[in-house]
Protein chains: 2
Amino acid sequence: MHPPERAACCDQTDTHQDILDAVRLKMPDEDTLYNLTELFHIFGDSTRMRILYVLFASEMCVCDIAALLGITQSAISHQLRLLKSARLVKSRREGKTVFYSLADDHVKTIIDQGLEHVQE
Amino acid sequence: MHPPERAACCDQTDTHQDILDAVRLKMPDEDTLYNLTELFHIFGDSTRMRILYVLFASEMCVCDIAALLGITQSAISHQLRLLKSARLVKSRREGKTVFYSLADDHVKTIIDQGLEHVQE
DNA sequence: TTATCATATGAACAGATAATCATATAAGAA
DNA sequence: TTCTTATATGATTATCTGTTCATATGATAA
C-alpha cells in the first residue's frame, strides 16, 4: 500500500510520508534554488577562482590579472563579466584602466568554507 | 619602466610589485585549487543541489529521491555517483535498497553560506 | 585629427556535461 | 532455477561553456 500521491516505488517505513512532507517544506523555492546553484556554478571554474584569489589580495586592473595568471586579456574580460553579473566583483574606471575588486567580504567567507572542507 | 618579471602591461603605482608578491603568496597550490573548484562545481547543478536538500531532511533511497524530484532513476544514480566520489554523500545497502545520506554536516554549512549571499 | 593603449564583446570552435536509453548487476521472492 | 525489484553504468546525444580570434569601444596622447 502506497500513500496516494506516490508513484509505484520501493516500500518504506510508516514515517515515510512524514519524511516526504519534511523534504517539501525545507526545499527552497525555484528562484532561490536557481540563484544558489548559479552562485556555486560561478565558483566552479579554476580561472574564475584564481581571479577571485587575486582580488582577495588587492584591487587590480584587467591586464595585471591576465599577466599574473598567464591567461589572455580576452578570457579574463569574459570571466570578469560573469563575476560582475553575479555581483561577486565590482569595477571602477580610472582613465583607460578598469580596476576590479571584490563586491563584498561574503565571497571570501563562502570560499573559505569550501576550502575547509577540501583541506580535511 | 617595469619590474623585470612583468610583461609589457599597464603602468601601476610603486607598490605594484608588493601586491604581485602578496597575490602569489596567498594563492593556494594547484591541487587545492583544483579540489576547491571541483567542490563548487558539484554544487553548481540544480539536480545535485536538490538531491542534497532532500538528504538534509533524511537519509533516502534512490527511487524515493527520483520520485520526489520527478527525475529518472538513472539520472539520480549518475548524480549520486558524482556526489559520492566527491565524498559529499555516503550510502549503505539494505537488501535491494541503497540508502544515501550526507557524508558530513560541513556540506550544509557551505550551502547555507551560499544561501545567505543569494538571499541578501 | 590619428595613433596607441586598455578593455569589452561577438562569433566560432572544442571540450565538458547532464539526461536518456538500453542494459547490467545485485538481492530477494516464487 | 526464474521472475521481479532496486540500483548502477556504458553509450549516445543535445546542450552548455571556456577559450581564442578578430574587432569594437573608450580614453589618452601626439
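As the structure is a prediction and not an experimental result, all values here were calculated from the model. Quick note on labels: first sequence line is chain A, next is B, and so on, each numbered from 1.
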Can you name the residues that form a ring pair (Phe, Tyr, Trp, His ring centres under 6.0 Å) with A:H117, not counting sequence neighbours? B:H106
Run the salt bridge (charged side-chain N to carboxylate O under 4.0 Å, His left out) test against A:E59 and tell me which residues pass, sequence neighbours left out. A:R92
d(NZ, B:K90; C1', D:dT7) in whole Å: 19 Å
Hey, could you give me the CG/CG distance between A:L115 and B:L33, rounded to the nearest 0.5 Å? 9.5 Å
Look at atom CD of A:E120 and say whether more than 12 heavy atoms of other residues, nucleotides or ligands are closer to it than 6.0 Å. yes
So the side-chain hydrogen bond (donor to acceptor under 3.5 Å, both in side chains) pairs with at least one residue in residues 37-51 of chain B (sequence neighbours excluded) are B:R48-B:Q79
Taking side-chain contact (heavy atoms from CB on, under 4.5 Å) as the definition, give me every residue that meets it alongside A:V98, ordered by chain and number, with sequence neighbours left out. A:S91, A:R93, A:Y100
Of all residues at least two apart in sequence or in a different chain, which pass the side chain to side chain donor-acceptor pair (under 3.5 Å) check with A:D29? A:T32
Considering non-hydrogen atoms only, spot the tightest contact between B:A57 and A:A22 and give its length. CB-C, 4.5 Å
Listed in order of residue number, which residues of residues 37-56 of chain A have a non-hydrogen atom at under 4.0 Å from DNA chain C? none
Going by the rule side chain to side chain donor-acceptor pair (under 3.5 Å), which residues pair with A:D112 if we only count those two or more places apart in sequence or in a different chain? A:K108
Can you name the atoms? Protein N/O to nucleotides 28-30 of chain C N/O, anything below 3.5 Å, with the distance.
none

Angle between terminal axes - the helix from C:dT1-D:dA30 to C:dA30-D:dT1, 5 pairs each end, rounded to 10°: 10°
Could you pull out all residues at least two apart from B:K90 that satisfy side-chain contact (heavy atoms from CB on, under 4.5 Å)? B:S101
Side-chain N or O of B:Y100 versus OP1/OP2 of D:dA8: is the shortest distance under 4.0 Å? yes
If you take any heavy atom closer than 4.0 Å to DNA chain C, which residues from residues 69-83 of chain A end up in contact? A:Q73, A:S74, A:S77, A:H78, A:R81
Rounded distance (nearest 0.5 Å) linking atom CD1 of A:I111 with atom CG of B:L36: 6.5 Å
To the nearest angstrom, how far is A:R93 atom CZ from C:dA8 atom P? 7 Å
For the CG atom of A:L83 and the CE atom of A:M49, what is their distance to the nearest 0.5 Å? 10.0 Å
What residues form a ring pair (Phe, Tyr, Trp, His ring centres under 6.0 Å) with B:F43, not counting sequence neighbours? A:F40
